[in-house]
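The sequence lines fix the lettering, A, B, ..., with proteins before strands; numbering per chain opens at 1.
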There are 2 protein chains.
Amino acid sequence: MSPGHRSRADPPIRPPLTRERIAATALSLIDEVGVDGCSMRLLGSRLGVEAMALYHHFPGKGDLLEAVMDELAAEWDLPARGTQPPLGRLRHLVRSYRATALRHPRAFVLLAARRFQTERSLALSERILEALADLGLDAAESARWFRLIGGFASGFGMADAASLERIDAPTPLGMERGSAIAPYPHLRAVAPHLRVDKLDAVFEFGLEVLFDALAARLIGRP
Amino acid sequence: MSPGHRSRADPPIRPPLTRERIAATALSLIDEVGVDGCSMRLLGSRLGVEAMALYHHFPGKGDLLEAVMDELAAEWDLPARGTQPPLGRLRHLVRSYRATALRHPRAFVLLAARRFQTERSLALSERILEALADLGLDAAESARWFRLIGGFASGFGMADAASLERIDAPTPLGMERGSAIAPYPHLRAVAPHLRVDKLDAVFEFGLEVLFDALAARLIGRP
DNA sequence: ACCTGAACACCGTTCAAGT
DNA sequence: ACCTGAACACCGTTCAAGT
C-alpha cells in the first residue's frame, strides 16, 4: 500500500474549515434560501460539519453575517486614482455597488440594513470621498454628496433586489398582476416601465441625473 | 349589586383583540426591541393573551408584519391635488415618507426590505405618480423619476434609521469613534458632517438637488 | 486546536380542546 | 367565535467531553 493510503476507518476528506470557506458557503446558501433560511445548522450540514463547529471560527451569527458582507464587498471593483477622472471613478463605484444587488438579491439586504465596518466597506467609502475631494468639494459638501449618492445606490439596489426576488417567488406579484393596482390609473400606466427588463435603463437614468447635477455645481470653480 | 357587577371569578377586563390593536401594539414593541425581538409570544404577553390567539386575527407572522407596515403608512400625510403645485406635493410626500425613519428607526427596515402592497402604500405611489404626471411627464419618464425619488427616500431613510439606532445601541460606533476609520483620511475628515444632528440638513440638500434637476428638465415644455 | 453531543431557552405554527 | 395548552419541528448558543 502506498504511503497516502487511507483505511476504511478514516473520516471522509473535506477542505479545511476556514472563515473564508464558511463565509463563501454562507453567501451561496443565502443566495438559495435567503438570510432567514440560512441557519447555523443548515450551513454546518452544507460544510459537512456540526453547527457548533462554526463557533470555533466566529463568536456568533452576527459576526458570520459580517463576514458574508465582506464577501460581497470582495466583488467590488475599486479603480485606482490615476486610471480615470474623478467623475468616471464615482460612476464606476456606484455601478459596482449596485451590481451586488443583481448578483445577490437575497443577500443585498445585509448591506442596506446592517452596520457595516469591514476593511473593504470602509475602503469603498474612502474611494467615493476621495473622488469627491478630487472634484474640489470640501468636507461638508462631500458629506452631502456622499449621502445622496449612497442613498441612491442603496435604495436603488433594494428596489432591484425586490424586483428580482419576485421572478421565481411564489408570492403575489402585485404590480405585474393587474388586480391590486386596478383602482390606481397612474400606477397602471407606469407599471410596464418598472418591469425587470427596464432596471438597467432606469438605473442609468438616475445615475445621469445625479452626476449631471454634480457636474453643474462644479462649473466656475478653481 | 348593580347589573354591571363583576364577580371575583370574572377574567380581568381588557380591550377587545382586533387586527388594529394587535398591529399598533406590534409597532410599539418593534420600536422597543426591533423586528427580530418582536416574537408572537412576547407580543401576545403585551396584549394579555397567549401567542396562539393572534392566529385568529392573522394567518401568520408575515401578514402581521404587513399590518405593521400599514400602521406606518397611516402616519403619512398625502396632500390633496388642489392644495399645492405638483413639485410642492412631491416634496411633501418624500418628507413624509422619510419622517417614518426618524419616528420608527427599528421598524423602517420593513418598508425597505419587504414587498409592500397595502392600500395606503399603493395610495402613496399613486400620489407621487399623479404629481409627476401633472408636471407633464409621460409614463416612461415618470417611471424613471419615481424610482429615482423612491430610491433616494428609501436609501436615505435607511441611513437615518441606522444613525439613530447607534445612539443608544451598545454596538460599536464605528465612524463616530476614531479607531476603525483611522487609516482613511477622507472618512476622518467627513465623519463630523455625517453626525446625527446633521441628518436634516443633509436630507434637505439631497431633496433640493433632485428637485432642481427635475425642474431644470421641465423648462421649455408645453 | 478542532469538532461532537447533549442540553437550554427560545422560535413560528398546528391542532384538539375548552368556553 | 375566540382563546388556551400541549405539542412539533425548528432556532442560536453554552458547555462538557472527546480526539
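- Protein atom CG of B:Leu43 is 11 Å distant from nucleotide atom P of C:dC11, rounded to whole Å.
- Between B:Asp160 and B:Ala101, the shortest heavy-atom distance links the atoms CB-CB, 4.4 Å.
- Of the nucleotides present, none pairs with C:dC10 by Watson-Crick or G-U wobble criteria with both distances under 3.5 Å.
- Summarising the geometry, the separation between CE on B:Met52 and C1' on C:dC15 is reported as 11 Å, rounded to the nearest angstrom.
- Heavy-atom neighbours of A:Asp77 CG from other residues, nucleotides or ligands within 6.0 Å: above the threshold of 12.
- Nearest nucleotide to the A:Lys61 side chain, out of C:dG12, D:dT4, D:dG12: D:dG12.
- Residue A:Met40 contributes atom CE, which lies 12 Å from atom P of D:dC11 at whole-angstrom precision.
- Taking the nucleotide of DNA chain C with the nearest heavy atom to each of A:Ala53 and B:Pro59, the more 5' of the two is matched to A:Ala53.
- Pairing for C:dT4 is with D:dA16, a Watson-Crick or G-U wobble pair whose two hydrogen-bonding atom distances lie under 3.5 Å.
- Here the C1' atom of nucleotide D:dG12 and the CG atom of A:Leu64 are 12 Å apart, to the nearest Å.
- The base of C:dC2 is not paired with the side chain of A:His56 by any donor and acceptor separated by under 3.5 Å.
- Of the candidates D:dA7, C:dG12, D:dC11, the closest approach to any side-chain atom of A:Ser39 belongs to D:dC11.
- Going from atom CG of A:Leu17 over to atom P of C:dA1 covers 16 Å, rounded to whole Å.
- To the nearest angstrom, P of C:dC3 lies 18 Å from CZ of A:Arg41.
- Here the P atom of nucleotide C:dT13 and the CZ atom of B:Phe58 are 13 Å apart, to the nearest Å.
- Proximity of B:His57 to the phosphate of D:dC3: a side-chain N or O atom is located under 4.0 Å from OP1 or OP2.
- Nearest nucleotide to the side chain of B:Val49, out of D:dT4, C:dG12, C:dG5: D:dT4.
- The distance between the ring centers of B:Phe108 and B:Tyr97 falls below 6.0 angstrom.
- The CG atom of B:Asp36 sits 16 Å away from the P atom of C:dC10 (whole-angstrom rounding).
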Inset, instruction - Start with the C-alpha gap between B:His57 and B:Leu17, add the side-chain angles, then the distance that decides, and say whether side-chain contact (heavy atoms from CB on, under 4.5 Å) holds. - result: CA-CA 8 Å; B:His57 300 269; B:Leu17 210 54; 3.9 Å; yes
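- Outside the 6.0 Å centre-distance limit, the rings of A:Phe211 and A:Phe152 are not counted as a close aromatic pair.
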